Each structure stands twice: as C-alpha cells, then as structure tokens.
Amino acid sequence: MDQYIIKGGKALAGEVCINGAKNAALGILAASVMTDDFVTIENLPDVRDINVLLQAMESIGAKVERVNRHTARICGGAITSVVVENEYIRRIRASYYLLGALLGKYKNARVSLPGGCDIGSRPIDQHIKGFEALGARVRIQHGMIEAEASRLAGNHIYLDMASVGATINIMLAAVLAEGQTIIENSAKEPHVVDIASFLNSMGAKIKGAGTDVIRIVGVPSLHGSTYSIIPDQIEAGTFMMAAAATRGDVTIRNVIPKHLEAISAKLVEIGAEVEEFDDAIRVVATKRLGHTQIKTLPYPGFPTDMQPQITALLAMCEGTSIVTESIYENRFKYVDELARMGTSIKVEGNNAIVNGVAELTGASVCAPDLRAGAALVIAGLVAEGYTTVEQIHYIERGYECFEQKMRELGADMEKVNSEDSKAIQKFKLKVG
Ligand code: EPU
C-alpha cells in the first residue's frame with residue numbers, strides 16, 4: 001500500500017499551480033454525454049474520482065479520448081446502455097450525476113447507489129424529490145437507483161436544504177425537460193455555476209446559477225462545446241493552510257480569489273498575511289497564528305471541505321478555537337489521528353474545541369477520508385520528526401500530484417510503498 005512519508009519542520013516557500021476543480025469536473029463530465037456531438041473538456045484534474053467516472057462513461061458506450069493529461073474529448077452519441085454498474089462507480093459520490101444526465105437525455109437511467117467518503121449519512125431524498133417533480137418514477141432496488149419517465153416536464157422545486165448534488169442533478173435532468181423548471185433554495189457553490197455555464201455552452205437555457213433561485217427553460221437537445229473547468233477552490237485552500245501552518249510564503253496560482261474569500265478572511269483574522277492578485281493568492285505567515293471560531297456553511301460561507309485542514313492549522317495556533325461543522329454529522333473522525341501527533345482537540349457533538357499546542361510530533365496516522373487526509377499531511381509538515389500517512393488512496397481521489405507539489409514548495413515528503421523498507425530508509429537518509 002502506498003503511503004506518504006513526511007519529515008516536518010520546513011517552511012513552505014515558492015509557487016504552486018492549482019488544477020481544475022474536481023467537483024465541477026464530475027458534474028461537467030456527466031453532462032458531456034447529454035449531447036450526441038463531441039465535447040472537449042479542458043483543465044480536467046488527473047485524480048482518481050475523475051478517472052473512475054470516465055471509465056464508467058466508457059462502460060456504457062460513451063467515447064472518451066484522453067487528448068492529454070488534462071483534456072478529454074467525449075462523445076455521448078455512441079451510448080448503448082443507461083445502466084451504470086461499474087464496480088468502482090459506487091465508490092464515488094458523484095456517480096449519481098449520470099442519473100440526472102441520462103434521465104434528461106434518455107428518460108431512463110439506472111445507476112449504482114453512490115458511496116463516497118465516510119463523513120456521515122448522505123441521503124439523496126432531495127435528488128429523488130426533484131426527479132419526481134419533473135415526472136420521473138424513481139425506485140431503489142438491488143443497490144441501484146432507477147429513474148424513468150415517459151416525458152419530463154418542468155416544475156417548481158423547493159429544496160429542503162441547499163444541496164450541491166441535488167441542485168446539479170435536477171439541473172441536469174431539467175435542461176432537456178419540456179417547459180420551465182424553477183429550483184428554489186438552490187446551492188450557490190462555484191461548481192454549480194461552472195456546470196450551469198458548461199450546460200449553457202451546449203445550448204441549455206439556465207439562469208440564476210450562483211443565486212438561490214435557478215430558472216431553466218428546457219430545450220429539445222444540446223450540442224457540442226469546448227469548455228475549460230474552473231480552478232479547484234479546495235485544493236487552493238489546502239495549500240493556503242499548509243503555507244500558514246508551516247509559517248511559509250507561498251503563491252498559489254491559477255485560482256479565482258473570489259472563491260477563496262471565506263478562507264482568506266479566516267487566515268487574516270488569525271494573523272496571516274493574504275495578498276490577492278487577479279488569478280493568484282499569496283499566503284505568508286511569519287509567527288505563530290492565533291485562534292478563532294469557525295462554522296462551516298454553504299457557499300459563500302466557510303466550506304465544509306476545508307474544515308479538517310483549518311482544524312489541523314488551529315491545533316497548532318495560540319489559544320482555543322471552536323470549529324462547528326454544520327453540513328455533515330460525522331466529519332471529525334480524523335481528530336483521533338491528529339491526537340497521535342500531540343494535538344488537543346475535544347469533540348462535543350458538532351463542535352470541536354481546539355486547544356492550540358506549541359509543538360506536534362510525527363506519528364504514523366491513517367487518512368479516514370479525502371479532506372481529513374490532507375489535514376493529516378498539513379500536520380505532518382509541521383510535526384517534529386517523521387510522519388507516515390496511510391490510506392492515501394483517499395487523498396488521491398481529489399489531489400493531483402500532492403506530494404510532488406509539496407516537494408516543489410520545499411517539503412520533505414514522498415510517496416512510498418509501505419512494504420518497501422529500502423525506499424523509506426532512502427528517504428530518511430536523504431532528509432536527515
Ligand atoms: N442532503 C440531504 N438530502 C439530499 C442531499 C443532501 O439530506 O438529498 C444533506 C447531506 O446529507 C449533507 C448536506 O445535505 O448533510 C449537504 O449535502 P450536499 O448535497 O450539498 O453535498 P454533496 O453534493 O453530496 C458535494 C461535494 C462534497 C462537499 C459537499 C458540500 C461533490 C461530488 N461533493 O457533496 O465534496 O462536501 O458538496 O459542499 O461535489 C469533497 O470533495 O471532499 C466532498 C465531500
């Protein structure tokens with residue numbers, strides 16, 4: 001099994017370039033099969049979740065050509081099946097976007113019920129409510145979710161919570177429904193906007209993405225397009241935290257600073273310097289940072305996908321911080337792993353009371369999910385001595401070349417096979 005080995009203690013410095021947004025890419029790839037024309041998607045991140053979705057699309061007959069590492073040409077015209085039952089697909093949450101896409105196009109779809117990171121129960125009742133409102137019959141049988149309709153007709157849908165996935169899935173099905181669909185209390189995340197922009201570039205008529213009311217006028221068909229995905233807000237935020245935690249000076253390139261405002265604001269509040277440029281952001285920390293209170297909220301609030309990383313940072317800052325998780329019920333599982341490195345964090349319900357400690361020490365830890373894995377790496381970059389992070393396949397779901405990018409910023413970090421004692425020894429000899 002691959003693991004990261006890290007020797008902590010180096011301040012990160014230099015520049016890092018951010019890849020395309022994983023969560024936008026997942027929706028955009030699913031949407032790309034909604035036309036029979038070829039579609040070219042640029043700035044695709046080369047991460048596990050994306051590659052799994054591409055394989056699943058191929059398994060139903062879609063043509064997928066990898067033009068280069070970050071560009072794919074896709075043609076949904078050759079689709080022969082609406083049943084997506086790839087052995088890997090249920091491991092990724094966003095497999096359910098194929099349900100909205102295929103239901104919209106073929107009025108019929110069967111997709112394995114999604115899995116994803118274990119961060120709490122993740123119902124899909126709002127997706128189902130939306131599909132049913134458009135006229136589909138939805139059933140869950142034998143681990144598959146099935147949706148079919150003789151025709152889809154626009155409707156007025158009020159989401160009980162601003163769910164990112166439900167907003168995107170309903171939008172996908174509704175672009176090819178007859179008449180107007182209004183989604184109220186829709187999610188406003190940047191990737192919702194990006195997926196809507198992509199669909200519009202294919203001829204859809206979507207207005208209001210990025211606000212809490214999205215209006216869609218159905219069109220009979222979509223056409224080909226070439227589209228470049230927005231930068232990944234969470235990858236950027238993760239490097240911002242790593243820069244601050246190591247008291248470094250890092251310029252993060254290929255970002256949209258507006259998408260990072262909630263993260264930047266918290267860093268400034270605890271004493272880091274954050275400088276914004278047109279498409280870059282620089283984070284500098286020269287001293288031990290201070291404490292704060294954070295509550296995760298839908299965009300434009302502080303993102304839940306940055307909660308573990310900022311908790312890791314606050315665990316080494318001065319004073320007591322409170323982190324409240326309001327999106328997921330079980331997103332503090334990594335706290336016990338952080339504790340192995342000497343942190344002092346007490347979880348009470350949805351709150352983590354984080355008592356900053358002056359020093360962390362390296363330990364062997366295990367990534368319980370994607371973002372928590374990134375948080376453990378951040379702690380490892382600061383901890384005295386060696387840290388090994390296991391189960392890095394979670395981290396590789398969402399971060400491209402994570403260890404390489406960290407190394408380019410000066411970190412002592414490598415990916416090694418846990419059985420390869422020679423490689424581990426070699427790393428230790430190299431970094432001293
Ligand atoms: N929810 C319901 N019913 C639904 C849908 C959602 O109760 O039908 C609840 C969920 O249980 C959760 C909350 O609403 O408590 C928010 O869920 P949402 O639907 O917004 O999340 P998601 O679409 O499943 C996406 C990202 C997550 C990210 C969340 C929140 C993708 C593929 N995943 O998930 O990303 O945490 O939005 O921003 O876009 C990650 O990248 O690490 C990740 C977990």
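Every number for a ligand or one of its atoms is a count from 1 in the order of the listing. Computed over heavy atoms, backbone and side chain alike; hydrogens, waters and symmetry mates excluded. All values reported here derive from a predicted model rather than from experimental measurement.
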Option from Asp369, Asp49, Asp46 for which salt bridge (Lys or Arg N to Asp or Glu O under 4.0 Å) with Arg397 holds: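 Per the salt bridge (Lys or Arg N to Asp or Glu O under 4.0 Å) rule, the option paired with Arg397 is Asp49, out of Asp369, Asp49, Asp46.
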
Any luck finding a side-chain donor-acceptor pair between [X] and [Y] under 3.5 Å?
{"X": "Lys295", "Y": "Asn350", "answer": "no"}
{"X": "Glu400", "Y": "His70", "answer": "yes"}
{"X": "Gln307", "Y": "Tyr334", "answer": "yes"}

Mind checking whether [X] contacts ligand 1 via backbone (N, CA, C, O), side chain (CB onward), both or neither, at a 4.0 Å heavy-atom cut-off?
{"X": "Arg331", "result": "side chain"}
{"X": "Ile327", "result": "both"}
{"X": "Lys22", "result": "side chain"}
{"X": "Gln126", "result": "both"}

N/O to N/O below 3.5 Å, does that happen between [X] and ligand 1?
{"X": "Ala166", "answer": "no"}
{"X": "Thr304", "answer": "no"}
{"X": "Pro123", "answer": "yes"}
{"X": "Leu370", "answer": "no"}
{"X": "Val164", "answer": "yes"}

Nearest heavy-atom neighbours spanning Cys401 and Arg69: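 Scanning both residues completely, I find the closest heavy atoms to be SG-NH2, 3.5 Å.
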
Glu235 touching ligand 1 at heavy-atom level, < 4.0 angstrom: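 Judged by the 4.0 Å heavy-atom criterion, Glu235 does not count as contacting ligand 1.
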
Ligand 1 contact by Tyr96, heavy-atom criterion under 4.0 angstrom: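 Yes, Tyr96 has heavy atoms under 4.0 Å from ligand 1.
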
Sub-4.0 Å atoms of ligand 1 with respect to non-hydrogen atoms of [X]:
{"X": "His127", "value": "8 (O)"}
{"X": "Gly165", "value": "19 (O), 23 (O)"}
{"X": "Arg93", "value": "24 (O)"}
{"X": "Ile124", "value": "4 (C), 8 (O)"}

Plane angle bin for Phe402 and Phe239 - parallel if under 30°, tilted between 30 and 60°, otherwise perpendicular: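 Geometry flag for Phe402 against Phe239: perpendicular rings.
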
cation_pi(Lys7, Tyr386) dist<6.0 Å, angle<=45: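 Because its charged atom sits under 6.0 Å from the ring centre and within 45° of the axis, Lys7 does stack over Tyr386.
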
Contacts of type ring pair (Phe, Tyr, Trp, His ring centres under 6.0 Å), residue Phe302, not counting sequence neighbours: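 Phe302: no ring pair (Phe, Tyr, Trp, His ring centres under 6.0 Å) contacts found.
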
Best match, Leu159, Asn23, Asp369: closest heavy atom to atom 26 (C) of ligand 1: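 It is Asn23 whose heavy atom sits nearest to atom 26 (C) of ligand 1.
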
4.5 Å side-chain heavy-atom contact, Leu176 and Lys105: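 Yes - at least one pair of side-chain heavy atoms lies under 4.5 Å apart.
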
Partners passing salt bridge (charged side-chain N to carboxylate O under 4.0 Å, His left out) against Arg407 (at least two apart in sequence or in another chain):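 Arg407: no salt bridge (charged side-chain N to carboxylate O under 4.0 Å, His left out) contacts found.
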
